[in-house]
There are 2 protein chains.
Amino acid sequence: MATAERQTAAEGIRLTPVRRRALEILLESHRAMGACEVLERLSQDGFGNQPPVAYRALDFLVEHGLAHRIQRLNAYAACHAPGQPHAPVFLICRGCDKVAETGTDSLRGALDDLARASDFTIERMAVEALGLCPACRAAEDAS
Amino acid sequence: MATAERQTAAEGIRLTPVRRRALEILLESHRAMGACEVLERLSQDGFGNQPPVAYRALDFLVEHGLAHRIQRLNAYAACHAPGQPHAPVFLICRGCDKVAETGTDSLRGALDDLARASDFTIERMAVEALGLCPACRAAEDAS
DNA sequence: CATTGACTTGTTATTCTATAACATAAATAA
DNA sequence: TTATTTATGTTATAGAATAACAAGTCAATG
C-alpha cells in the first residue's frame, strides 16, 4: 500500500479514495476477486453501487500495474511486486480458486526471445496456469 | 482436419457433425472467433441457433486439444498442432486482433521448473501476450 | 477571484458472454 | 430389445462489461 502511494505520487497520477479503497480490498483479501464482489465492498463504504464504479477503479489499478487481471476467472488481484517490470505467472488452483503469483527471469527471457524471433512487439503479457495446489492435490488423492 | 479425425478416432471420442463443423469454421477463418460468431455460422448450416450449441461444441474442441480459448478476447481458435503436448503462446495484436500461435521448448522448460519449485500441479496453461504485429507497428509508427 | 479545461464520479440503460435446467433424440452396451 | 450413456435443441436466466450522459472536483491560468 505504501509502495502504491509512493509510485502514484512519483508518476503524478491520482490515487483517489475509490481507487485506494479498491486496492485495499484486494490486498486485504489475499485472493482474486470478481468485480461485483469488489463493488459490493465499495458500496458498503459509501461509494456508488453500480458496475462502472468498480470496473473503473480496477481498470485504473491494472493500467498502472498495481493489480492484475486474471482472465480465466474474470477476477482481479493485487500485484505483489508493483513497480518493477515482471512477467507474472498465475498459478490458479481449480480446487480452491486461490491464485499464487510467481515469475522467473528465465521465463521472461524465453518470452523475450520469442518476441524477437516473431518480430512482435509485446506490451503486456500474462501466463495463467490451471491446476492443483499442494493442499487440493492431497485432498483429491485421498478420495 | 484429417489430424483431428485421426485423433478423435484413436481416443474413441465422437467428432459429431456440429463439432466437426465448428472446427472447420475455426480452421477456415484463420483467426480467433467469438462464440456468437461461430454460432451464427453453425445455425446457417442447419444446426441450432441458441448459445449452448456453440459453447458445447467449442468446449469439446478445447477439452480435447483441438482448439484453444483466447481468454483475453473471449474467443476461440483452432489449434495448429493438435495432439502433441505444447505450451502455446498467443501473440495477440491489439491493432488488427489477429492471433499468432507459437511456442518454444525453452518456455515450456521454464514453466515446468516453476511448477516444480512451487509444488503446484499444472494441468493446463496459456500464455497470452498483447502487443503489435509488425504490420500494425509500422502503421502506428507512420502516424 | 473567476473561469477554463481535464479528470473523476455517479447513474441509467444496454450489450455481450456464458450457463443452468429440462426435454428429446441418437448411439452404445447389456 | 431394453437399459444406459451421450449428445442435441430449447427456454430462460445469470454474470461480466461497457456506452453514454450528467454532475461534481481539482488544478492552473488569466
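Note: hydrogens, waters and symmetry copies are ignored here, and every other heavy atom, side chains too, is used.
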In whole angstroms, how far is the P atom of dA23(D) from the CZ atom of R56(A)?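 For the pair R56(A) CZ and dA23(D) P, the rounded distance is 15 Å.
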
Rounded to whole Å, how long is the line connecting atom CG of L15(A) with atom P of dC7(C)?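 The answer, rounded to whole Å, is 17 Å.
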
With a 4.0 Å cutoff (strictly under), does any side-chain N or O of R20(B) reach OP1 or OP2 of dA7(D)?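 So the side chain of R20(B) is outside the cut-off, no N or O lying under 4.0 Å from OP1 or OP2 of dA7(D).
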
As a test of reading the structure: which of dA21(C), dT9(C), dT12(C) is closest to the side chain of Q50(A), going by heavy atoms?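 Closest of the options to the side chain of Q50(A): dT12(C).
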
Once you round to the nearest 0.5 Å, how far does CZ of R14(A) lie from NE2 of H64(A)?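 Here the interatomic distance stands at 12.0 Å.
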
P52(B), nearest nucleotide to its side chain (from dT10(D), dT11(C), dA18(C)):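 The closest nucleotide is dT10(D).
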
Please give, in whole Å, the distance from dT17(C) C1' to Q71(A) CD?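 Taking atom C1' of dT17(C) as the reference, CD of Q71(A) is at 14 Å.
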
Find the distance L39(B):CG to dG9(D):P and express it as a whole number of Å.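 Rounded to the whole Å, the gap is 11 Å.
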
Among dA16(D), dG10(C), dT8(D), which nucleotide has an atom closest to any side-chain atom of C36(A)?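 So the side chain of C36(A) is nearest to dA16(D).
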
Phosphate oxygens OP1/OP2 of dA17(D): is one of them under 4.0 Å from a side-chain N or O of R69(A)?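 Checking dA17(D) against R69(A), a side-chain N or O does come within under 4.0 Å of OP1 or OP2.
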
Let me know the distance between CD of E37(A) and P of dA17(D), rounded to the nearest Å.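 Value for this atom pair: 13 Å.
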
Short side-chain N/O contact to dG15(D) OP1/OP2 from N74(A), under 4.0 Å: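 Looking at the OP1 and OP2 atoms of dG15(D), neither is under 4.0 Å from any side-chain N or O of N74(A).
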
Of all the nucleotides listed (dC26(D), dA16(D), dT10(D)), which has the minimum atom distance to the side chain of R14(A)?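 Given the options dC26(D), dA16(D), dT10(D), the side chain of R14(A) is closest to dC26(D).
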
Check whether any side-chain nitrogen or oxygen of Y55(B) sits under 4.0 Å from OP1 or OP2 of dT19(C), and answer yes or no.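 False: Y55(B) side-chain N/O out of range (4.0 Å or more) of dT19(C) OP1/OP2.
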
With a sphere of 6.0 Å drawn around CD of E5(A), does it hold more than 12 non-hydrogen atoms of other residues, nucleotides or ligands?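 Atom CD in E5(A) is crowded, with more than 12 foreign heavy atoms closer than 6.0 Å.
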
Need to verify one output field. Residue with the more 5' nearest nucleotide on DNA chain D, F47(B) or P51(B)?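 The residue whose closest nucleotide sits nearer the 5' end is F47(B).
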
Does a sphere of radius 6.0 Å around CD in E40(B) hold more than 12 heavy atoms from other residues, nucleotides or ligands, not counting ones at 6.0 Å or beyond?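 Incorrect, the count does not exceed 12.
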
Under 4.5 Å between side-chain heavy atoms, hopping through other hydrophobics if needed: is there a path connecting I25(A) to L27(A)?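 Yes; L27(A) is reachable from I25(A) via cluster members.
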
Can you see if the side chain of R19(B) gets near the phosphate of dT8(D) - specifically, an N or O under 4.0 Å from OP1 or OP2?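 Indeed, a polar side-chain atom of R19(B) lies that close.
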
Which whole-number value in Å describes the distance from L42(B) CG to dG9(D) P?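 Distance, rounded to whole Å: 9 Å.
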
Apply the test side chain to side chain contact (heavy atoms under 4.5 Å, CB included) to residues I70(A) and I92(A): give CA-CA distance (whole Å), side-chain angles for both, the deciding distance (0.1 Å), then the verdict. CA-CA 9 Å; I70(A) 316 291; I92(A) 308 167; 3.6 Å; yes

Starting at CG of L73(B) and ending at P of dT18(D), how long is that distance when rounded to a whole Å?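 Whole-Å distance recorded here is 13 Å.
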
